Each structure stands twice: as structure tokens, then as C-alpha cells.
Amino acid sequence: MDFDSPEVMKDFPGLYSSEKKKGNDNDYNDECEKTTKKDMLIGKRKEKKDKKDKDKGYAALEGESSDEASTCKSKKSKAFKFTKSKDKEKEKHKDKQESSKKNPPKKSEKPHKVRKGFGPSKHYVGDCTDLADALPIFGVDIEEACTRGRCHDGISIPLPVRECVDYIEATGLTFEGVYKVSGPKNKVSQIRKIYNNRQVVRLNEYDVPTATSLLKMFLRDLPEPIFTNELLIRFEEAGAILNYNTREKHLKTLIESLPNLNRLLLGWLIVHLHNVTLKEHINKMNRQALSQALNHTFHISSRLLQALILHQEVLFPNLAIIKYYPPLESESALPDDPVIIEKELSKLESLLSQIHWEMQNGHFSKTREEHLWEVQRVTTELKRKLKKFAKTENTSQQTSQDIKQQSEEKEAEKVLEEPVQVPKLEEATTVNVEVEVKNIELTYDKKIDPESVTESEETANSSDAIKEQRTDSEEEYSDSELSSTDSELLEDVFCQYFDEKIVTLKIKNTLLKDLIESLTENINQEKKEIEDHQKKISNLMRCLPLKPAYRRCLKDPNSFNEVQTLLVRENHMLQIKKLHLVRQVMEQKEQCIDLQAKLKYAMKDNKDLKIF
Amino acid sequence: MSKRPAVQPALHKVIMVGSGGVGKSALTLQFMYDEFVEDYEPTKADSYRKKILLDGEEVQIDILDTAGQEDYAAIRDNYFRSGEGFLCIFSITEDESFQATQEFREQILRVKNDDNIPFLLVGNKSDLDEKRKVTFQEAQDRANKWGVPYVETSAKTRENVDKVFYDLMREIRARKKDENKTSNGRGKDKNKKKKLKCVIL
């Protein structure tokens, strides 16, 4: 990919000299630029060597990564590409150099790359060159990529991968030859630079091939393949097994022995690729074609990749791609819903702690500092909103708690509530400990949805309980009415009145009975769902041993506490919300039944009239 | 690809420093929203932006309200670097907070590496004069020593609240003009005075 890497010079010693000859008819300036470029490349090579000796921590940068990333296949194909489009690229490069000279503030890649290898400097260097050089997101191992290119919703997928997948899922699935057609290299490396600079990338300003090429570049640049060097061969062996079930079993055990971050990243990608194949009738990329287009990227055989896509449902159960919504920016409209505010706040806090961490490690830049102020400003504004909300909510919270207490006193409620509260508690604890699990388990996508699962369970159960009591009393009431009417039947005036009462009550009675039936049905469904969720949770717990993964994405111990307190608060708010909803549901149902009863009675009246 | 807002008025970055509970947030909120918050809740870091008219010129002020507690010192330091002016606040009812200003001053000078950074010493809670522990003269002497103005404020009564922010912004603005002149080399000979005025109430 990196056409100006020193290795190219090695492979093609005459590359730049021949260019000179060819460029004879060009003006003098161009030649000058070429020589400087050559010098720079030589300089860069030296620096790279120095750097290799100095530290291997950041060793994996650009061209270098491909040496280490094993499998010479990809390297060969690279070299081949260069001979093909050599001239074009040279021209492009010239343009780039010229434009960079014209626009000094852009500074372009040259001075940027030359600085590589030096320790972090403590001074501003124009844009965030410092951060991009010292802590790049591309070309580093998965753990570092996840920390540096952090997704602030707690899912440990490197940001470039997440955003590319989101973009391709949104627009690329119907693109013919998706992943096969590659995007313009200059644009791809431009986006990589933006990512490394921690700036916002708007992929929809590019196109699908650019996004797929960027994703491929990220994966290819990984110093170690996702399958890890140790397990790679065993994966290949498993992929070659002919028997469907044995292959699936072997692959499953291997995937379970991958490090958490690798497994999550791999699962994410494979599920995504599976989604691509689901649209093969439009994008013309079936499993085979897709595997052939991507096996080099993954450093595996296309057979293995095909097998992974084929078995994805068993290999990565319950893994759904969740769209990433980056933290709010100062221009974006702020949410009003406290639940969403809390969620956004936790993202912002994560971003803040990331920026602080970078700065504490000596990486400053003017833009990053401005970003810090901006993020802090949005955070403050949201916190103010939340405080205001909490104040108004304090009063209504008390009333809703009263209602809960009242209802809890009754036995029926208790019986019904118990089976619900057990899973609820379990879920709460998992949520607190493991954000990742929470996000996979509960679809984050629809913003309020994550809670709706438990919410609806509770709603159904408690509303049913209340309903039952109400019908009980209703029945008693109608019974007593009936007995009293017996004695006073003779009085015509009352007769009509009681008749009306009784009939409406009877209608109500049947309606309520129907309601109970449907609600109990709902409860049973919800119970089943609870069981499913419990299974999923236990599965996930087995797949992702909690603590290590968590520690990785939150190096700062403070942020753990923050996240914990935030989540606890969030849960509290959700409880309040839930109670409100329950009440609303009840009120509406009651009104509805009242009206229905009246309606039926009225209709009956009409019929009577006709008869008379 | 970072989006820049179009043409915006000049932006001055102000940082509030001082020990915990001296009223940094109270001053900020009073200035921003004309509200006085009675209940104390320690700040970690908060940032605000406001558009104001400074001597007929529309400017924006960014206020960063920092933590007084040492727990968040690391976070605070990251902000110091980008601050253009500082309000160093203590409570006139608490001598310790006054003593702490010395350390804050040193820390700021260390980070900014600039003795003339726009800076105001602010004695807050002037409405609680009966509980006063730090005399006006004492604070004024320290301010003189540093070559900075000293102002007493009350976030509760709003006394001098606008004044400290506006005075500081004027200093920042003057400072920026000076810097532009020296860096551009265009010697527009305006009043080149060094801003080291004392404010006596």
C-alpha cells in the first residue's frame, strides 16, 4: 500500500532515476522535488532502522508492519501492483508534493514522516502530528488500537473498523463488487492520517471502495494477524476439516481461545461479511468471491475465511453489529431524555479521560486542547440539564415510590414480582461490571431500547398484578350491586339505573378478564425471553472473561468508578421511568375499558330500542 | 476533516483556580446564568462559553471551572496549558485558602512559563465580612508583590462578579494585541503600557 516506502526502492532501484530521465521534458522544479524526495526516503530508512533498535513498542508503522505481519503473499501482490500503476502514482505524488509546498499550514506528509522515530516532543507542532506519530491507531496491535481509537460506548472495537463497518453496512451492502473494488490510495492514506490525528472522519464524504480499502489497510497493517501467530496454523487446519460438524467444533474452540479483543474484532468482521453475502444477489459478492477478495487482508486462506463466514452463527452467537454514535459535539442538539443524557455523558467522560490520558503522557496539540475544552463544555451543559431534570423529578419520584409501596403490600404483586426481580438483578450486576456485555446483549441501536426488555417485563408483570386486584374488587362490587338490586327491583326509577350499572359492569368484567388472559400470555412470553437472556448472558460470560477486557479499555481507575456511578444512576433513573410507564399504561387501559363498556352498553340500548 | 466554525469573534480562555469550596463555581454560575447555588458540590471540571460585549466589541469567553480538590490535580494541569488568563480565588473567611493561592500562582507560572500572564487575585465571599479571616491589606500586599490586581467579590450578592471577568478579559485582549504586534513586526505605536494596574475598591 505504501508506495513510497523504502522497500520499494530496494525492489526497484531504478525507480526514481528512470523517472528523472522520463521527466526530462518537465521543468527543473520537478526534478528538484524528486531528488529531495529520494533523500528523504533514504533518511527515513535510516531513521526506521534506528527506531527498530530503540523501541519495538511502536515498531509497527506503515511499511514495516508488512514485514512482521508474516505471509509473504500479500507482499508479493503489493509489489505487483506497484509495477502496474507506478507511473500514475508517481504523478499523483508529484501533485501532492507541489500542493504541500503551496499550502504550508497543511504541512502534508513529508515533514510528518521525517519526524517519525523521535520521542514525543512537548511542543505544539502545527496540527496533531505529534499524537499521530507517537500514538497512531493504524499499524499497532489490537489492544493499542482499541485504546487509542476508542469507541466511547464501551465496545472495544477500534474506531476506524467500527466506522467503516457501519458505513459499509449502511451503504455498501448493495454496492456491486464491495471489497473487491479498491479505493484511491491517496484518499485512503489521507483518511488514515485523519484517524491517527484523532480527528473526525466523515466516511460518507468518500465512497464504498475507499471505506473498504481503509478497513483492509487497517487489518493488513496489524503487526500480528487477528488469529494470532500461535493459533494461525491451527485455524488453517480446522478450516481444512471436511466434516461440517467437526470443523465447526474445532473452529469454535479455537475462537474461544483467542484473546477477547481479537475475538470481538473477528466476530464483528465475520458477522459483517456474512451480512455482505446476504445481499450477494445485488453486490455480486458471494461467500467465495468475498473470501478471495479478503483472505490476504486476514493473512489466511480463502477456505478458512469461507468456513468462518459459513459457521458465523455458531461461532459468534448473539453478536450483532451495533452502530456507533460518537460523543456529542458542541454543534449537535442536546438530548432532553435523561436516559439518553446519561448515556451521552458516559461517552463524553470516556472521551475526556482519553484526552487527559494522552496529555498526561505528554502529547499536546492546539487542536486537541480545543477539543478538550469543547468536550468539557458539552459535558457541563449536559450535567446541568440532568441536574435540572433531577430536581423536577424528585417530587414525582416520591409519588411513584408511594405507588410502588402500596402495590407491594399486596400478596398477588409479590408473587408475580419475584420471578422478574431475579433476572433483573442479575442483569443489573452484569451491566455494572461489564459494559461490553451490556452493549452486545441489549441492542444499543435504538437508544432507549436497551432498557425496554426489562422494562416491558416489569411493565407487563406489575400491570397485570394491579389489573388482577382491580378486577377482583370490581367483581365484588358488582356482586354486591346485584344483591342490593334484588331487594329494590320493584322501584322503576332505580331499576333502569341499576340495569345500566349492572350491564356496564358485566361488560367491563368480561373485558377485564380478556385483558388478564392476554397479559398472562405476555408474561409467559416475557418469562421465556428472560430465560433466553439468562442463557445469553451466561454464554457471553463464558466467552468474555470480564475483568481483563474491561481493564484494557479503561486504564484509568477513576473511569471505572465514573462508569460505575453513572450506570448506577442510570439504572435508578430507569426505575423511575419504568414506574411512570406502568402507571401510564394502567391509566390508559382503564380509560379504554371504561369507554368500551359504555360503548357496548350504548349499542345494546340501541338494539333494545329497535326491538321495542 | 475537522469542521471549523466560520468567522467567530475573538475567544478568550479564562481559568478559575483556587482551593475547594472558595466559590469558583458559584462565581462562574453567577456570571454565566445570574444564579447563586447554595448547595456545595465539588467540581471536577466544567467549561462554559458565553458571548459578551467587551467595550463595544463582541467577544466570546470560555470559562474553565477547575477542581479545588487535589484529587483532580492531574486533570487541572492539562487545562492550565491552554488558559489565557487566570482568576485565582480564595475565600476571605478562610486563611488556608488564601495561603494556597501562593501555590496556585507558582504552578500557573511554571506551566505557562510567563510572569506576565493575565491574572487576578480574587477574594470571594465579601458578603460574609463578619467572618473575615483575611484582611484586605494582607491580600492587597500579596497582589502587589505579584504585580496583579486584587478584587473582592461576592458570588451571592453579585458584587464585582462581572468586574473580575471583564477586567481579566481586557488584560487578555491587550496581551494578545501586544503579541500580534511583536510577532507581525508591524510597529503600530499605540499605548504600549504594561498592564499592571491595581484596583482599589
Side-chain angles (χ1 to χ4, degrees), chain A residues 122-124 127-128 187 190-191 193-195 197-206 329-332 348-349 352-384 387-388 390-391 556 558-559 561-562 565, chain B residues 1-6 8 10-16 24-26 28-35 37-51 60-67 69-85 110-113 183:
Chain A
K122 283 224 171 190
H123 303 283
Y124 301 138
D127 253 7
C128 317
K187 272 191 190 166
Q190 186 193 343
I191 306 176
K193 210 178 106 190
I194 302 170
Y195 270 119
N197 276 335
R198 313 288 195 273
Q199 284 166 323
V200 180
V201 174
R202 294 177 204 286
L203 284 172
N204 48 13
E205 288 171 5
Y206 301 88
E329 293 168 31
S330 59
E331 291 107 80
S332 36
L348 287 164
E349 296 282 354
L352 276 174
S353 70
Q354 185 187 15
I355 301 177
H356 280 304
W357 182 87
E358 284 167 6
M359 288 189 167
Q360 273 153 31
N361 285 278
H363 307 291
F364 319 118
S365 76
K366 204 94 189 163
T367 42
R368 201 64 171 156
E369 270 174 13
E370 264 163 35
H371 193 197
L372 177 64
W373 282 64
E374 184 193 317
V375 176
Q376 186 67 67
R377 206 162 51 238
V378 180
T379 313
T380 302
E381 218 169 312
L382 281 181
K383 274 186 185 162
R384 265 181 76 79
K387 262 182 214 162
K388 271 185 196 165
K391 265 182 196 166
D556 183 0
N558 279 340
S559 39
N561 290 335
E562 277 163 30
T565 46
Chain B
M1 283 304 114
S2 71
K3 18 106 230 82
R4 264 301 123 77
Q8 283 208 335
L11 176 66
H12 303 312
K13 287 190 169 132
V14 171
I15 295 186
M16 317 285 289
K24 295 180 292 297
S25 304
T28 311
L29 292 173
Q30 182 63 270
F31 177 73
M32 284 294 300
Y33 308 107
D34 296 302
E35 61 185 37
V37 191
E38 199 85 49
D39 37 328
Y40 176 60
E41 193 187 321
T43 309
K44 188 175 163 194
D46 277 316
S47 171
Y48 306 86
R49 176 171 286 181
K50 193 180 186 179
K51 264 187 193 160
Q60 282 191 100
I61 179 171
D62 259 7
I63 304 171
L64 196 106
D65 183 15
T66 62
Q69 279 69 23
E70 274 311 301
D71 318 359
Y72 302 121
I75 290 171
R76 194 175 56 205
D77 292 358
N78 285 334
Y79 287 110
F80 277 12
R81 206 169 298 108
S82 42
E84 293 165 337
R110 201 163 47 231
V111 173
K112 296 302 289 184
N113 199 15
S183 64

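Everything numeric here is computed off the predicted structure, so don't read it as measured data. Numbered from 1 within each chain, the chains take letters A, B, ... in sequence-line order.
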Give the C-alpha distance, both sets of side-chain angles, the deciding distance and a yes or no for salt bridge (Lys or Arg N to Asp or Glu O under 4.0 Å) between B:K13 and A:E369. CA-CA 12 Å; B:K13 287 190 169 132; A:E369 270 174 13; over 6 Å; no

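Heavy atoms of A:I191 lying under 4.5 Å from chain B are absent altogether. Contact annotation for A:E358: neither backbone nor side-chain heavy atoms come within less than 4.5 Å of a heavy atom of chain B. There is no contact between B:L11 and chain A, counting heavy-atom distances below 4.5 Å.
Considering every non-hydrogen atom in both B:M32 and B:R49, the closest pair reads CE-O, 3.5 Å.
Annotation: cation-pi pair A:R384/B:Y48 absent, no NZ/CZ under 6.0 Å from the ring centroid and within 45° of its normal. Relative to the six-membered ring of A:Y206, A:K187 misses at least one condition, a distance below 6.0 Å or an angle of at most 45° to the axis.
Interface remark: of the candidates A:M359, A:K383, A:R377, A:R377 forms the most heavy-atom pairs closer than 4.5 Å to chain B.
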